[in-house]
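Note that ligands are numbered from 1 as they come in the structure, with each ligand's atoms numbered from 1 the same way.
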Amino acid sequence: MDDLKAKYLAQISDASDEAALEDIRIAALGKKGEISLQMRELGKMTPEERQVAGPALNALKDEVNSALIAKKAGLADAALNERLKTEWLDVTLPGRGRAAGTIHPISQVTQEVSAIFADLGFSVAEGPQIEDDWHNFDALNIPSHHPARGEMDTFYMHRDEGDNRPPHVLRTHTSPVQIRSMLEKGAPLRIICPGRVYRADYDQTHTPMFHQVEGLAIDTDISMANLKWVLEEFVKAFFEVDGVELRFRASHFPFTEPSAEVDIRCSWDNGQLKVGEGDDWLEILGSGMVHPKVLEAGGIDPAKWQGFAFGMGIDRIAMLKYGIPDLRAFFDSDLRWLRNYGFSALDQPDLASGLSR
Ligand code: PHE
């Protein structure tokens, strides 16, 4: 009996899978199994012999049975561990959803600009793309004879013969939204106005439709220093660099006095633009202190209020930040271009988690 016990316990301990274990069970405890046959022999024994052999055989049977059960559980555990090793899953990984489309760089940059100026206390205002010439020109101190009207390459809306209403134009800049916002909301005021503008011009850096963002801040104590600080903060946040030098160049716009065009320090490295370092300067916007006549046209008393304004090309700063060489491609609706330069719809630009990821 000791031999039987040693034999089966060794076999059980060596069994490598459940099928082998089942073979051992049948060989030992099956109907014709070795231990079962021994049990049948009990009937032929004398009562004295049976009293000794009976309990011993039962004990052997129990022992082999428990060893089988324990080994079976052990094999199942090992199999599960093996599966867990190959089928593990990191549930903390971000989803990998297939985006059906992408956000156009212009939309992305408009959102980035809005997020930065929102942080500085500016709200977003909008105006119509078909504008009357009073809002687009006169109210901005550009009267009919002014040369700036000619320089703007204006698209005029069709007028029927005999129609003497004031002409409408496709707005040539976002500055008319300054006037609309002043008239609507009064002072103090702190707004940006992103949107489409139109000029009859077409080459690698000009398209007949492009995008600007206007900025306007009006209060009782506003100076060029405020303009400079706001623009510096903007450029740092937008280009995601710490030290950026801005250069203010005296310029002229009918609607600001004094006026300045603003350049940022940069370098070109193998056609790659680096903002904030180097010996080159790049013009990014026009700006100045709002002309008293413009405040008046907006219904705001220039004796009490002052303000600064600026106008920046969205397409231009998008090209600079994301290294997009040809402006015209922005508006070709070429899917390959859109997939390459587009942004994930799930990443909303905000200052806390980063503007562009
Ligand atoms: N409207 C000007 C342009 O389109 C830019 C500008 C806006 C300049 C506000 C000064 C102040 O070029």
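In terms of polar-atom proximity, defined here as any N/O pair under 3.5 Å, His173 does make such a contact with ligand 1.
In terms of protein heavy atoms, atom 12 (O) of ligand 1 is closest to Arg199 NH2, 3.9 Å. Closest to atom 9 (C) of ligand 1, if we only count protein heavy atoms, is Glu214 OE2, 3.3 Å. Among all non-hydrogen protein atoms, the one lying nearest atom 5 (C) of ligand 1 is Gly311 CA, 3.9 Å. Counting protein heavy atoms only, atom 2 (C) of ligand 1 is closest to Phe255 CZ, 3.7 Å.
Taking a 6.0 Å sphere around CG of Leu37, one finds it holds more than 12 heavy atoms contributed by other residues, nucleotides or ligands.
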### Task
Verify salt bridge (Lys or Arg N to Asp or Glu O under 4.0 Å) between Asp263 and Arg249, making sure each step is shown before the conclusion.
CA-CA 8 Å; Asp263 307 333; Arg249 261 184 306 105; 2.8 Å; yes
### Message
Under the criterion salt bridge (Lys or Arg N to Asp or Glu O under 4.0 Å), I'd like the reasoning laid out for Asp203 against Arg328: C-alpha separation, chi angles, the key distance, then a yes or no.
### Response
CA-CA 8 Å; Asp203 60 34; Arg328 290 169 296 194; over 6 Å; no
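Remark: aromatic rings of Phe310 and Phe117 are close, center separation under 6.0 Å. The distance between the ring centers of Trp337 and His104 falls below 6.0 angstrom.
For ligand 1 and Gln212, the ligand atoms under 4.0 Å from any heavy atom of the residue are 3 (C), 4 (O). Ligand-side atoms of ligand 1 in range of Ser287: 8 (C), 10 (C), 11 (C), range being under 4.0 angstrom from any heavy atom.
Ion pair Glu112/Lys321 flagged as a salt bridge, since at least one NZ, NE, NH1 or NH2 atom sits closer than 4.0 Å to an Asp/Glu carboxylate oxygen.
The proximity of Ser175 to ligand 1, defined as any non-hydrogen pair under 4.0 Å, is limited to the side chain. Of all the heavy atoms of Met289, none lies under 4.0 Å from any atom of ligand 1, so neither backbone nor side chain is involved.
Using bins of under 30°, 30° to 60° and over 60° for the plane-to-plane angle, the ring pair Phe122/Phe308 lands in the tilted bin.
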